[in-house]
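Reminder, nothing fancy here: chain letters follow the sequence lines and each chain counts from 1. Computed from heavy atoms alone, side chains included, the values below leave out hydrogens, waters and symmetry copies. Computed from a prediction, not measured in an experiment: that's the story for all the values here.
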There are 2 protein chains.
Amino acid sequence: MKKKPTIEDVAKAANVSVATVSRVVNRQGGVRKATEERIVRAIDELNYVRSAIARSMVRKETKTIGVIIPDFTNPFFSEVISGLQKSALGQNYFTLISSSNESKMIESEIIQHYIERGVDGLVVTTADEKGDHLDPVIKAGIPIVAVDRQLKNYEVDTVLTGNREGAYEAVKHLISRGHTDIAIIRGPQGTTPGLERYRGFERAMKEYDLPIREEWIGEGDFMEGSGFACAKRFYEASKRPTAIFSSNNKMSIGAVKALQHLNWKIAEEIAFVGFDDIEIATFIKPNLTMVSRHMRNLGEIAFQLLHDRMKNNQEVSTVKRQHILSPFLIVRDSCQKFY
Amino acid sequence: MKKKPTIEDVAKAANVSVATVSRVVNRQGGVRKATEERIVRAIDELNYVRSAIARSMVRKETKTIGVIIPDFTNPFFSEVISGLQKSALGQNYFTLISSSNESKMIESEIIQHYIERGVDGLVVTTADEKGDHLDPVIKAGIPIVAVDRQLKNYEVDTVLTGNREGAYEAVKHLISRGHTDIAIIRGPQGTTPGLERYRGFERAMKEYDLPIREEWIGEGDFMEGSGFACAKRFYEASKRPTAIFSSNNKMSIGAVKALQHLNWKIAEEIAFVGFDDIEIATFIKPNLTMVSRHMRNLGEIAFQLLHDRMKNNQEVSTVKRQHILSPFLIVRDSCQKFY
DNA sequence: CTGTTAGCGCCTTCAA
DNA sequence: TTGAAGGCGCTAACAG
């Protein structure tokens with residue numbers, strides 16, 4: 001209720017010096033048993049909690065890492081931060097998590113906050129892969145790990161998924177089921193996932209000598225609405241594709257919504273695969289075949305890399321490390337061959 | 001790269017005193033234009049960022065609020081924190097968000113972290129509504145706002161949903177469609193949402209003089225698995241219900257999974273309503289009728305209440321304020337009357 | 001308008 | 001095994 005007790009209050013109550021209290025609070029040992037007990041009792045009685053602020057002030061570290069994701073409501077990121085936070089807590093690191101809402105500007109603000117608060121490291125899925133706006137972080141000498149999207153202008157550790165590979169497998173799967181008229185809902189081509197998944201699509205198509213039609217390339221923005229719009233456009237195309245590959249989870253949601261809306265029958269009339277599994281995949285009538293990945297792992301690995309940098313006083317290896325997790329295809333029922 | 005510049009470095013570079021630098025950094029005015037410009041230039045050149053830590057140290061406030069939710073991967077909470085964080089940022093407050101995973105122990109740890117870090121306020125959806133473990137927060141004089149679940153042992157501001165009311169409406173809707181044999185998948189009866197939603201169910205049943213059968217009461221834990229199990233039990237009951245009310249989103253997911261698995265046809269053979277809308281609701285064949293609520297609002301209001309307390313130096317009103325948001329029924333196709 | 005200075009609560013030598 | 005004392009970077013009087 002009243003003001004918070006300080007280490008000095010404890011010292012007074014236990015009749016020792018602050019230095020001694022500090023020793024027991026930090027478990028440094030070298031304190032007589034009896035003294036320690038007296039101090040512990042005083043701590044309890046006063047409800048003393050040591051101030052992380054004052055501590056950070058002198059230690060020059062906060063045991064805190066900043067995390068930036070583009071969207072709280074995307075389940076993919078929920079899983080990632082879930083894994084990340086658990087790993088961090090295990091090493092006694094605390095996580096600050098913020099969403100940029102895919103805005104570079106907001107991301108900059110968040111970064112400012114993080115630097116002011118002295119985070120020891122940063123994990124970021126950036127809204128802008130050029131990444132100039134991360135300059136302050138670099139300048140401050142704060143280690144960074146990029147997740148899912150790269151930071152092109154800087155040599156930072158990166159955790160990625162085999163985007164190209166995953167898309168390639170998905171499209172190949174479609175082809176193996178007899179499809180040749182395949183459309184793609186692309187993500188923003190300025191982002192690694194957007195571009196790479198397109199490249200995977202492209203590779204598969206080329207490998208089998210299949211034409212990539214202009215009207216079968218939908219430009220999406222990784223949001224639901226664009227998935228819906230693209231699917232609709234495909235339906236209205238001069239020639240309809242027989243299969244669709246969607247580049248991320250939210251666009252898949254939108255696309256499926258559109259297919260249902262148009263009564264364009266999945267599997268029977270239009271095959272479908274999407275990148276990143278979604279909850280509805282196993283609920284709707286023909287279950288959806290999807291490219292999936294170990295999301296929590298992404299978060300865990302990201303923390304490992306960062307932790308490494310943080311304790312190794314940054315200078316150990318200046319080489320950028322890249323970790324690529326392989327996605328995997330979950331074959332269900334939405335890509336049946338049909339004639 | 002090297003060590004971070006301090007206010008003193010800036011002062012030296014601009015050839016002024018630290019006090020003056022502080023004035024311009026904090027926009028307090030009373031500094032000659034020319035001087036200010038000189039300082040700003042120095043700040044830019046040195047990449048100076050003021051240390052929130054040192055600042056908090058003397059101001060005795062961190063402009064930071066702690067948030068505890070039970071589960072990152074529950075979309076309900078994603079929405080809530082999304083709204084919360086946006087409101088907070090608007091008032092220049094920073095949010096620390098952590099998940100307790102429904103564990104009281106983890107929640108305690110998080111609380112410890114928060115107190116150490118000197119949060120100015122706390123927003124919590126607790127894993128244990130008795131809330132004794134929040135004692136340290138109370139003792140530290142940190143204002144609290146409870147969201148979605150109460151803290152029974154303390155008089156703190158609370159934001160709730162009309163749980164009873166929502167459940168009541170849902171069940172009445174079922175009844176109005178001709179159902180009399182209604183089962184419920186309950187949440188933990190030790191939680192406000194769990195208990196209140198049951199009470200709503202009960203009230204509707206009593207009002208219409210319908211029997212509540214033992215075997216039609218499923219004990220769930222708000223997690224997917226229990227929803228699945230309960231639905232299965234209903235199916236195997238000596239007498240099958242014709243309608244199911246599920247008490248939360250995750251259990252609804254599980255229940256629907258079970259219904260599909262059992263090939264127990266929704267709407268045709270078994271009506272269904274659930275509390276909290278879910279994405280699959282509009283995807284599966286008969287669209288699911290659901291009780292929904294303005295989730296982002298919950299977060300926004302929570303912040304309002306907290307903000308109020310924080311600036312009013314806590315003593316203005318010791319009265320506990322309670323804010324109840326009304327849920328609303330979204331009628332779709334899963335409760336058709338059938339005979 | 002600008003500068004000086006006393007802390008904020010804690011950790012960390014250095015002595016005792 | 002313990003204590004004394006100097007900061008960490010910043011803000012907020014108080015003086016000029």
| request: With the side chain counted from C-beta on, respond yes when Glu129(A) and Pro193(A) share a heavy-atom pair under 4.5 Å apart, and no when they do not. | output: yes

Pairing donors with acceptors under 3.5 angstrom, does anything connect the side chains of Gln85(A) and Thr95(A)? yes

Under a plain distance cut-off of 3.5 Å, with no hydrogens placed, do Asp120(B) and Thr62(B) share a side-chain donor-acceptor pair? yes

The contact string for nucleotides 8-16 of chain D, one letter per nucleotide 5' to 3', using protein heavy atoms under 4.0 Å with B, S and - for base, sugar-phosphate only and none, comes out as BBBSBB---

Here the distance between atom P of dC11(C) and atom CD of Glu61(A), to the nearest Å, is 12 Å

Tyr48(A) meets the ring-ring contact (aromatic ring centres under 6.0 Å, His included) criterion, sequence neighbours left out, with none

Q) Is the NE2 atom of His133(B) crowded by more than 12 outside heavy atoms at less than 6.0 Å? A) yes

Next on the checklist: OP1 or OP2 of dA4(D) versus the side-chain N and O atoms of Ser17(A): is any pair under 4.0 Å?
Outcome noted: no

Has the side chain of Thr125(A) got a donor or acceptor atom that lies under 3.5 Å from a matching backbone atom of Val147(A)? yes

Check your understanding: Between Thr158(B) and Val156(B), is there a donor-acceptor pair closer than 3.5 Å when you use the side chain of the first and the backbone of the second?
Key -> yes

CG (Asn297(B)) and CD (Gln304(B)) are apart, to the nearest 0.5 Å, by 10.0 Å

Note: contacts of residues 35-44 of chain A with DNA chain C (heavy atom, under 4.0 Å) are none

